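Worksheet for the structure shown next.
All residue numbers in this chain count up from 1 along the given sequence. None of the values given here were measured: they were computed from a predicted structure.
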Amino acid sequence: METLHSPYTGPSRVTEPNWSDRGMFSGAEVVRPDTSWLLRPAGSASEVWGAGSSVSEELRPREEVHSVDAGPEPWQTSVVLVVVICFYCYLLYRFRRDMMSCLRNIGHTEDTLTLMEGQGADFAYFLRSGIALAVLSGAALIMVWLETHLPDVESYYLFFGAAGAFLGVALYRRIAFRVMRWLTDDKFLFSELTFINRIDLTFIAVFYTPLAIIVGISGRFFTLGTVVLAGLILYHFAALYKYFRLRAFSKLQWILYLCIVEILPVSFIIALAVRNSGIN
């Protein structure tokens, strides 16, 4: 058997035995491709990829890259969430009767106003506790969300900043109510509006706090939390609209109330926070 090899390229010719039908031996050529050229290093990019190809430059970062180790979870978040959970459990146990009475009348404006006439000191304390729960859970949720966007700021600064924003909104609403009460003849109107706001805020706090705790512990489901909170706010606006229609006020007066008392302070604080923090 005779073998002819090409040094780099070209096929090789191998003579192998071939038995014919007559039982006689004859030589037949079998052509096989030669792949030894693949072991030779390529001389240039054009030889491998074709004419006109070139090797791109090495990618380099614009700034110096530093390796950063993931730090421990902020302990302030855990402390705040534990406080919120304990206060929520206390509220459920201490005011369970007042809470059930409040939930039975949610969505019915006339029935809700009857609670205002028969409320005692215990029910008023329940409403104040509900507002405190709303401030705690809202500030905790904002703190957890801002930790992902402002990692250089301490968590307790974020919490106290969010709590201060809620208290600023409450102070603005109190001042606005006093001014509108002084400008109008119907003084009892703003007492009813204040009571409806406290009832709705307490309901939102009781209903939304478990979801806020889940979002705070897991660090996820921010989209779901935003959607649920938006639905609760729309419910509050609808309850105010029912009250304005019950007292024979026009839609324009309802819209003016929403813009001045409900929307203006919140939008101002959000715009101010986003502008100063640099969050896109």
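Put simply, the residue from Val144, Val80, Ile142 that forms a side chain to side chain contact (heavy atoms under 4.5 Å, CB included) with Phe159 is Val80.
By the 4.5 Å heavy-atom criterion applied to side chains, Leu171 and Leu167 are not counted as neighbours. Side-chain atoms of Trp145 and Leu158, non-hydrogen and from C-beta on, never get closer than 4.5 Å to each other. Counting heavy atoms from C-beta on, the side chains of Tyr88 and Val206 come closer than 4.5 Å. Contact annotation: the side chain of Asn197 approaches that of Leu240 to within less than 4.5 Å [non-hydrogen atoms, C-beta and beyond]. In this structure, the side chains of Asp200 and Tyr235 come closer than 4.5 Å at one or more pairs of heavy atoms.
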Going through the distances and angles, do Arg173 and Glu262 end up as a side-chain contact (heavy atoms from CB on, under 4.5 Å)? CA-CA 8 Å; Arg173 290 167 61 92; Glu262 303 285 343; 3.0 Å; yes
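Annotation: the span from Met143 atom CE to Phe160 atom CZ amounts to 10.0 Å, rounded to 0.5 Å. Atom CG of residue Leu256 and atom CE of residue Met180 lie 10.5 Å apart, to the nearest 0.5 angstrom. With values rounded to the nearest 0.5 angstrom, Leu127 atom CG is found 9.5 Å from Leu201 atom CG. With rounding to the nearest 0.5 angstrom, the CD1 atom of Ile85 is 11.5 Å from the OG atom of Ser137. Once rounded to the nearest 0.5 Å, the distance linking CG of Leu258 with CG of Leu264 reads 12.0 Å. The structure places CZ of Arg181 at 6.0 Å from OG1 of Thr194, a figure rounded to the nearest 0.5 Å.
Residue Ile213 is grouped with residue Phe207 when hydrophobic side chains (ILVMFWY) are merged at heavy-atom distances under 4.5 angstrom, including chains of intermediate members. Hydrophobic clustering (ILVMFWY, side-chain heavy atoms < 4.5 Å, transitive): Val82 and Ile217 are in distinct clusters.
A pairwise comparison of heavy atoms in Phe221 and Val215 identifies O-CG2, 3.6 Å as the closest pair. Between Phe95 and Phe126 the shortest heavy-atom distance is CB-CD1, 3.4 Å. For Ser129 against Phe87, the heavy-atom pair with the smallest separation is O-CE2, 3.5 Å. The minimum heavy-atom distance linking Ile131 with Thr202 is given by the pair N-OG1, 4.4 Å. Here the closest non-hydrogen pair linking Gly130 and Ala205 is O-CB, 3.6 Å. The shortest non-hydrogen separation linking Leu141 to Ala212 is CD1-O, 4.1 Å.
Ring geometry, Tyr257 versus Phe244: the interplanar angle falls from 30° to 60°, so the pair is classed tilted.
Judged purely by atom type and a 3.5 angstrom limit, Tyr208 uses its side chain to pair as donor or acceptor with the backbone of Gly225.
Residues that satisfy the side-chain hydrogen bond (donor to acceptor under 3.5 Å, both in side chains) test with Asp98, not counting sequence neighbours, are absent from this structure.
Crowding of Phe237 atom CZ: a count of heavy atoms from other residues, nucleotides or ligands under 6.0 Å exceeding 12. Within a 6.0 Å sphere centred on OH of Tyr90, heavy atoms belonging to other residues, nucleotides or ligands number more than 12. In this structure, Phe222 places its CZ atom where more than 12 heavy-atom neighbours from other residues, nucleotides or ligands lie under 6.0 Å away.
A cation-pi contact, defined as under 6.0 Å to the ring centre and within 45° of the axis, links Arg96 to Tyr93.
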